[in-house]
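Written out below as structure tokens is the structure these notes cover.
Labels below follow one simple rule: chain letters A, B, ... track the order of the sequence lines, proteins then strands, and each chain is numbered from 1. Predicted, not measured: the structure shown is a model, and the values here were computed from it.
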Protein chains: 2
Amino acid sequence: MSNYRLRGRLWIEGPEGTFLGYGRVVLLERIREHGSISAAARSMEMSYRHAWKLVDSMNRQSLQPVVEKVTGGKGGGGAKLTDSGEKAVDCFWSAYRDYKTFLSERSQQLEL
Amino acid sequence: MSNYRLRGRLWIEGPEGTFLGYGRVVLLERIREHGSISAAARSMEMSYRHAWKLVDSMNRQSLQPVVEKVTGGKGGGGAKLTDSGEKAVDCFWSAYRDYKTFLSERSQQLEL
DNA sequence: AAGCGTAATGTTTGGCAGGATATAACGAAA
DNA sequence: TTTCGTTATATCCTGCCAAACATTACGCTT
């Protein structure tokens, strides 16, 4: 067995650059779990501002928004993952799994 | 056809982190072409310092050095790609080709 | 009307990777 | 012994991006 292994990063590119990546998808799942961008950000030690920008970027690049947001109101508002968001999450994880498989298999064939 | 496509980065990881990546391999090829680290760096608008560090990192992580260096002497010295370096370059490009193919094929299957 | 916690957005700060700069060591060739 | 362009290495400088901080808007609840 070799000292070396193949590694990489994967993302889905949209009109404005990155649409979905590992961190973005985890953020979406946290939003689903916590019901707000701010709670999701806190839960993963990300600044609210950064989280908000990521959500904004994803929504801008998606025909249907991935996250629906309510500002003001009971509890100050919140955010929820849309059906389109769920689909995006699934789509990314599916590609991510295949990608991990590829890296793992191709790693064995490294000749050095 | 979708507005989205899969993109990624690929590298070969060694004991100290990145061993070979796209930029590093191009640097190795430039060294083969120009016969010195400094000329190679100039040719790709990379600082000598940066290029030197990359070569040093690759050599440290390889059983056999990928680049042999001569300091002083005719023309001030120089550097050449070793057989081991050639093999490393080939190995990376081979994996890179497969990676590109994977990304391209998997991109078509994106459902969003 | 006041309070609450969130969304939304602007401004400032800080960390650090890489570039720029400087200088020494090197050794063949003239 | 001088010259030359390279390798080798330390130190300073800078541009960028994320984090930190600050503020406003919002609308339901009480």
Taking for each residue the nucleotide of DNA chain D with the nearest heavy atom, is it A:Gly72 or B:Ala39 whose nucleotide lies nearer the 5' end?
B:Ala39

Would you say the side chain of A:Phe19 lies within less than 4.5 Å of the side chain of B:Arg7, judging by non-hydrogen atoms?
no

Inspect the surroundings of CD in A:Gln64 and state if more than 12 heavy atoms from other residues, nucleotides or ligands are less than 6.0 Å away.
no

Distance, rounded to the nearest Å, where A:Tyr48 contributes OH and C:dG5 contributes P
15 Å

Any B:Ser38 side-chain nitrogen or oxygen under 4.0 Å from OP1 or OP2 of D:dT7
yes

Ionic contact status for B:Arg60 with B:Asp56, cut-off 4.0 Å:
yes

Distance, rounded to the nearest Å, where A:His50 contributes NE2 and C:dA7 contributes P:
16 Å

Using atom CE of A:Met46 as one end and atom P of C:dA7 as the other, report the distance to the nearest whole Å.
14 Å

Take the protein atom CG of A:Asp56 and the nucleotide atom C1' of C:dG10, then report the distance between them rounded to whole Å.
15 Å

Answer yes or no: does a side-chain N or O of A:Lys69 lie under 4.0 Å from OP1 or OP2 of C:dA8?
yes

Rounded to whole angstrom units, what separation is found between the CG atom of A:Asn59 and the P atom of C:dA7?
13 Å

Hey, which of these two, B:Gly78 or A:Gly75, hits DNA chain D nearer its 5' end, going by closest nucleotide?
B:Gly78

Which of the following nucleotides, C:dG18, C:dA7, D:dT6, is nearest to the side chain of A:Trp52?
C:dA7

Between A:Ile37 (CD1) and C:dG5 (C1'), how many Å, whole number?
13 Å

From C:dA20, C:dA8, D:dA19, pick the nucleotide closest to the side chain of B:Arg49?
C:dA20

Would you indicate which nucleotide in D:dT7, C:dG19, C:dA8 comes nearest to any side-chain atom of B:Ser47?
C:dG19

A:Gly76 vs B:Gly76, nearer the 5' end of DNA chain C by closest nucleotide:
A:Gly76

Where each residue is assigned the nucleotide of DNA chain C containing its nearest heavy atom, which of B:Gly73 and A:Ala79 is assigned the position nearer the 5′ end?
A:Ala79

Donor-acceptor side-chain pairing of A:Thr101 and A:Glu105 below 3.5 angstrom:
no

Between A:Tyr99 and A:Tyr96, what is the ring plane arrangement, given parallel below 30°, perpendicular above 60°, and tilted in between?
tilted

OP1, OP2 of D:dT6 versus side-chain N and O of B:Arg42: anything below 4.0 Å?
yes

In whole angstrom, what separates B:Lys53's NZ from D:dT11's P?
12 Å

Which nucleotide in C:dC26, D:dC28, D:dA19 has an atom nearest any side-chain atom of A:Lys74
D:dC28

